[in-house]
Amino acid sequence: MGFKKRSTKSEEEVLEGQTDLAADNTVSAPSSKKIKMDGKKDADMGDGVASSSSVANSVKPMERKKKRKQVDKERRRSVLENEESQLKQPIIEPKGKDATEPVAASSSSSLPEFHISVFKDLASADSSVREAAVETMVTELQEVQKAYDRLENKDLVEGGLKLEAQKDDGLDNCASSLGYAVRRLIRGVSSSRECVRQGFALGLTALVAAIPSIKVDSLLKLIVNLLEVSSSMKGQEVRDCLLGCLFAYGAIARSDRLTKEWLSDKNTLLIKEFMSAIISLASKKRYLQEPSISIILEIIEKLPAEALLDHILEAPGVPQWFEEAIDVGNPDALLLALKIHEKTSIDSKFGKLLPNPFSPSKLFSADYLSSISNCLKESTFCQPRVHSLWPVLVNILLPDTILLAEDAVSASNSLKRHKKGRKSSSSEEEIANNVQSFCDVVIERSLLLSSHDRKHLAFDVLLLLLPRLPSSFIPIVFSSKVVQCLIDILSTKDSWLYKVAQHFLNELLDWVRNDDVRRVAVIVAFQKHSNGKFDCITKTKTVKDLMAEFKTEAGCMLFVQNLINLFLDEGHASEEPSDQSQTTDENSEIVSIEDKDSIGIMGNADFLKGWVIESLPSVLKHLKLDPEAKFRVQKEILKFLSVQGLFSASLGNEVTSFELQEKFRWPKATTSTALCKMCIEQLQSLLANAQKVEEPRSLANGLEPNDLGSYFMRFFSTLRNIPSVSLFRTLSDDDKESVTKLLEMESKLYKEERNFRLGNDANKVHALRYLLILLLLQVLLRPGEFCDAASELTICCKKVFAAPDDLNSSGEDELDGDAAPELMDVLVDTLLSLLPQSSAPMRTAIEQVFRYFCGDVTDDGLMRMLRIIKKDLKPARHQEAGSEDDDDDDDDLLGIEEDEDMDEAETGETADSDEQSEDSEAVVGSEGADKDLPEDSDESDGGMDDDAMFRMDTYLAQIFKEKKNQAGGETAQSQLVLFKLRVLSLLEIYLHENRGKCISYLFSKPQVLTVFSNLAQAFVNPHTTEGSEQLGQRIWGILQRKVFKEKKLPKDESIPQSTLESLLEKNLKLASKPFKRKKSASSLSKKKLTASLSRYKMIVSLAQNSTYWILKIIEARNLSDSELQGVFDLLQAVLEGYFDSKKSQIKSGFLKEIFRRNPRISRQLFGFLLENCGNAKSDFRRVEALDLVIEVLKSQVPVNSNESNRDASKKFLKSHLKSLGHLIETLVTKMPEKKSRKTEVHKCCDKIFQMITTLDLTKAFLKCLEPGTLSACESQLGPVFLKLKKLK
């Protein structure tokens, strides 16, 4: 195999490699013949990197280089041509001037052959080939040396030609083949070609170990002589020689010859010479230090402790090396000292490098670690690999015993709450102190505050600690500075250390994945030292994902307890100030907790406590436990939130409840009002979520159900009665009375619920109970705002479930006025009054109550909700002062008048106020639609000022009056939109719950038309949905899902036919209304115009769907043709406008769908359709209407029909043959010029002719055609018409 030429190699090196290959063949060394080689050939037999020792000694490097360049061209060609043949054939001693000349062999004996081709295999990339070559080489050379040793007269061999020139290299007792092999192996370890260095070093190790004739002192001299670095060598050559020395010394160390030398002579100087040589080598280059020490460590492992003191520590250069280590920062000297001490327990031979006397506590003391910090910091030179010193230090720092002892008891002890931790043994305390000192001095003060490389090293060292780190030490290791450094790196993706930190984080997450104790400790450390913002600043989901991995009750309870301790500052050090040198990322102040501006969370301490409060309920989000276990976790969280959010201790910060047999604690610093409010909000969320997923309540087995609401009310009452505990805020008399009433009513309802056991009544009571509980918390959260609602709700609860006697005795709770309102009206009004400013859990409870009571909602209650949906903040500008009831004027009922200068892009319409009113009328109906509803005239909003409206609807007044004037505050409009969305949720529940079981009730009365008309009006009115696309989409969705797609239709005759016809007329008019643009529309942005057009399309779509639905209702009544004449007239008028008016935007597809869904209508209007189609003013309308004609014929003349249907179809078609003939005449005499339209005419005529032929009306049809029409049909229709004539 050949050498690869490198740009850093000289021509001389290439030549050496080539000549070396030429010499790789079999050498025969008989005793009677001696092999001779001159100096030049000896140089050629050397390794490809190092030169021959004989030439190196006799000729200067520059002269040797010139000489080889002269013969380079002449020899290269011959070498390349003869390389393969020379490798295959043994050297047969050819005679010549430049060839190896054999000498006559001894007649008595001869030496065995040594095949030097093994050197080629030593350079193979395949390790198995290298190992086989070593074995072959050692075996052959052992035989050669044994034969050589048996010779009596060695002069015959020594006097003959040798493989190399005579040298004084100390190998006098070795056969010439062995000497050649040793020298070549030493030169070969300096080669960087492929795997030469590895193979030759392995060969040298095996050869030196197997043949004692090779003296160690001779090897040391040969290494120096053959691998000497001269001044003329360049960088790569120097590096190769130094690495060659390193590998050669390593071969000696691994051969165990030094150990054998000491065992044979304890006063030998070889070990000292070896130590001196390798220490000298290590001092030449930094990259040689650690591998040199690893060689020394191999010798130390093999030598007895007795030999280390005299031969290792006393070797020349070693004491000085130890002495200078601290000043120069030599981690390898420290590693050597620790390893020697580990074996010998010697303290006094290392100077200041090791503490004297030595002990782990002194080794990891702050003073000592500070003194060796230079050594530790300089260990970064071998990155990305971690220096061997660090695993040694970690093993001393964290012995295996501490990990086993910790793991045996950590999990069980960590779950015991409110008890002192177990007493640690003195050894464990000492290890904890050592870890604390190590992390403080080495990690935080030395590495993290230094360069990027040393920060990288710090994370690598932490990864070394993890496998041996007990869970109790995690808070020590993950200190404030470590976490801050990690956060700063992860927050900047373009940082050089980003991937390092990411790798560390991934390894850490793998380490904690299956251990709840570790997971809890890491979460607490991350959040404590980032003030609850770890995920926010790093833009990751680390903490969130860790929290989602809790699967057991024990792990969950452990996490909850640690969060509580973090909140109370129990067992934690005082808050450390943020390291400004570390936290330089501006995103570190981004608030991750939603809506904290509204509650005024200020400062890092409060932010961290806020995170604790929010995290406690979220633990349950991904938790899958059995109901009993989950209820226990919920109780712990509920108790913490109740104690910290609702109460405060007047004496000290601890209170013991003898009734509950539990001690309650508060932080030493007073909890802020903002945090108390957060606790209440999370408490509401916890209760609402518990209500959602609560198991069916069954008390048949006599066991207490897992009712979290009931537990909270009892817990609240108990704490409230403790003298030394008070509410976190002082309540007014009205609020106190409200709290008392709510507590009493909840207690009564709880008893009622137990009596009902199961069923709808039990569900009603349960829903009301939870609403009362959440309302109680709302009273405490926002005092003074919910007193009236609380009073009304308690009255409703009392009336809903009270006995008749109680109803008579509850006069003091009746509302003012002569006529008491309906109970459901009061309940609906109360629920609506709670909606505007209620929290999400409150809204959930309100919807739950409404779901169980919506079947009893009255017309007044329904209209109250619908009026809110239609409400807008912009009053009608053109409304007349004398307008009265809604029943008197449709326009007043609509309440929609468009601003004259309103932007077209906002409204989607450009007509005046009358046209806008028409749009609204089209979807809400006429007078008759609302005359049947029990609606009082004073409930109309027309002509009312704001104060009158506020007196009427307190919940709307609350919204309007709370408009914020400061910049960025919520406007009254945005609040009203939110309120409408919440009311729409109730309406959707109303429609959904009354479907099926109560469908007959809902659709037997005009409620469905009421809901439809009002929602449609709100949808069309641009002011109603202004500024909120979501509101419009929500209304559209409810109309589609709950009205138009409902299978059961209202069939009650109380809805007048005129009402339905009026609705139909308006919707047909709206569906045909064109999209108009103002002259100024061209200046509008494309986005606004697109939004305007989109809104127009949605309104048209609503009108079309409304038309289908109304016609469906009318069809379901099975009325006679005379009763349906009004409907026929409306659709006939639409058809007339479709053909005659250019402004009509009615779509042919819409009319086609009407005919398809209503065959009765299509049959009635077919004649009118044929007449107008033939008389259409434009070709476009005429051709487009042909689809309508074909659609009617399909429905009236089916292809597959029985005899009775065939007769009816024939009769129908025969009655319209004349009109069809007139249409065909018009089509052929006024044939469109456009090819596409002409094709449509041909298709239509073909289908008509097919139907005529099917019903055997061909002859009658042809009689209806004039002679001129027949000729025109033949010329225009061609084969289509000729086929019809043939059938005649």
Side-chain angles (χ1 to χ4, degrees), residues 47 50 53 134 137-138 141-142 144-146 148-149 164 167-190 197 200-228 241-282 284 288 291-304 306-318 336:
D47 185 84
S53 61
V134 168
M137 179 188 71
V138 172
L141 289 176
Q142 278 181 322
V144 170
Q145 185 62 30
K146 287 179 182 178
Y148 179 79
D149 290 339
E164 294 195 31
K167 303 179 182 67
D168 183 17
D169 51 13
L171 299 178
D172 298 336
N173 295 328
C174 299
S176 58
S177 299
L178 179 60
Y180 167 76
V182 170
R183 284 188 287 271
R184 183 164 180 180
L185 288 172
I186 292 176
R187 288 195 297 268
V189 293
S190 66
R197 184 171 287 135
F200 278 49
L202 177 61
L204 183 61
T205 303
L207 197 61
V208 173
I211 303 178
S213 301
I214 304 173
K215 302 300 182 183
V216 176
D217 55 344
S218 301
L219 286 175
L220 294 176
K221 291 178 182 178
L222 277 174
I223 292 171
V224 174
N225 292 336
L226 297 179
L227 302 179
E228 181 181 6
C241 286
L242 292 177
L243 290 177
C245 292
L246 181 69
F247 274 73
Y249 290 139
I252 295 174
R254 291 191 175 184
S255 67
D256 292 340
R257 286 292 301 277
L258 293 175
T259 304
K260 294 176 182 178
E261 293 287 342
W262 182 85
L263 292 175
S264 62
D265 181 12
K266 295 186 178 180
N267 295 322
T268 181
L269 298 177
L270 290 177
I271 298 177
K272 289 185 178 181
E273 291 180 14
F274 179 84
M275 283 293 299
S276 178
I278 199 167
I279 290 294
S280 175
L281 177 66
K284 291 181 180 179
L288 297 173
S292 298
I293 297 303
S294 67
I295 294 173
I296 296 174
L297 293 178
E298 286 194 27
I299 298 175
I300 290 174
E301 291 296 326
K302 297 172 182 178
L303 286 174
E306 174 185 354
L308 300 183
L309 181 61
D310 297 331
H311 294 270
I312 300 295
L313 294 177
E314 298 296 335
V318 174
L336 180 60

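Numbers here are sequence positions counted from 1.
- Taking CZ of Phe247 as the start and CD1 of Ile223 as the end, the distance is 13.0 Å to the nearest 0.5 Å.
- At a threshold of 4.5 Å between non-hydrogen side-chain atoms, the residues Leu220 and Ile252 count as touching.
- Taken to the nearest 0.5 Å, the CG atom of Leu222 stands 7.0 Å off from the CZ atom of Arg183.
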Pair Val144-Leu178, side-chain contact (heavy atoms from CB on, under 4.5 Å): steps then yes or no
CA-CA 8 Å; Val144 170; Leu178 179 60; 5.7 Å; no
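- In this structure, Val189 and Leu227 have side chains that are in contact, with non-hydrogen atoms separated by less than 4.5 Å.
- Taking the side chain as every heavy atom from C-beta outward, Phe200 and Arg184 approach each other to under 4.5 Å.
- Closest non-hydrogen pair, Ala251 versus Ala201, comes out as CB-O, 3.8 Å.
- Sorted by first and then second residue, the side-chain hydrogen bond (donor to acceptor under 3.5 Å, both in side chains) pairs involving residues 250-266 (not counting sequence neighbours) are Arg254-Glu298, Asp256-Lys302, Trp262-His311.
- Contact record, Ile279 with Gly317: CG2-O, 4.2 Å, taken as the closest heavy-atom pair.
- Residues Leu258 and Leu303 form no side-chain contact, since every pair of their non-hydrogen atoms from C-beta on lies 4.5 Å or further apart.
- With rounding to the nearest 0.5 angstrom, the CG atom of Leu270 is 10.0 Å from the CG atom of Leu219.
- The minimum heavy-atom distance between Leu309 and Glu314, with the atom names listed, is O-CG, 3.2 Å.
- Within the 4.5 Å cutoff, side-chain heavy atoms of Leu243 are placed close to those of Leu288.
- Atoms CD and NZ, from Glu273 and Lys221 in turn, are 8.5 Å apart once rounded to the nearest 0.5 Å.
- Closest non-hydrogen pair, Leu246 versus Ser292, comes out as CD1-OG, 3.6 Å.
- Taking 4.5 Å as the limit, some side-chain heavy atom of Leu336 sits within range of a side-chain heavy atom of Leu297.
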Go through it in stages, so that I can follow the logic: the residues are Gln145 and Cys174, the test is side-chain contact (heavy atoms from CB on, under 4.5 Å), and I'd like the CA-CA distance, side-chain angles, deciding distance and then a yes or no.
CA-CA 7 Å; Gln145 185 62 30; Cys174 299; 4.1 Å; yes
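- Judged purely by atom type and a 3.5 angstrom limit, Ser294 uses its side chain to pair as donor or acceptor with the backbone of Pro291.
- Here the closest non-hydrogen pair linking Ser190 and Cys241 is CB-CA, 4.3 Å.
- Side-chain contact between Ile295 and Phe274: present, with at least one pair of heavy atoms (C-beta onward) separated by less than 4.5 Å.
- Taking both residues in full, the closest heavy atoms of Ile186 and Leu204 are given as CG1-CD2, 4.2 Å, listed atom of the first, atom of the second, then distance.
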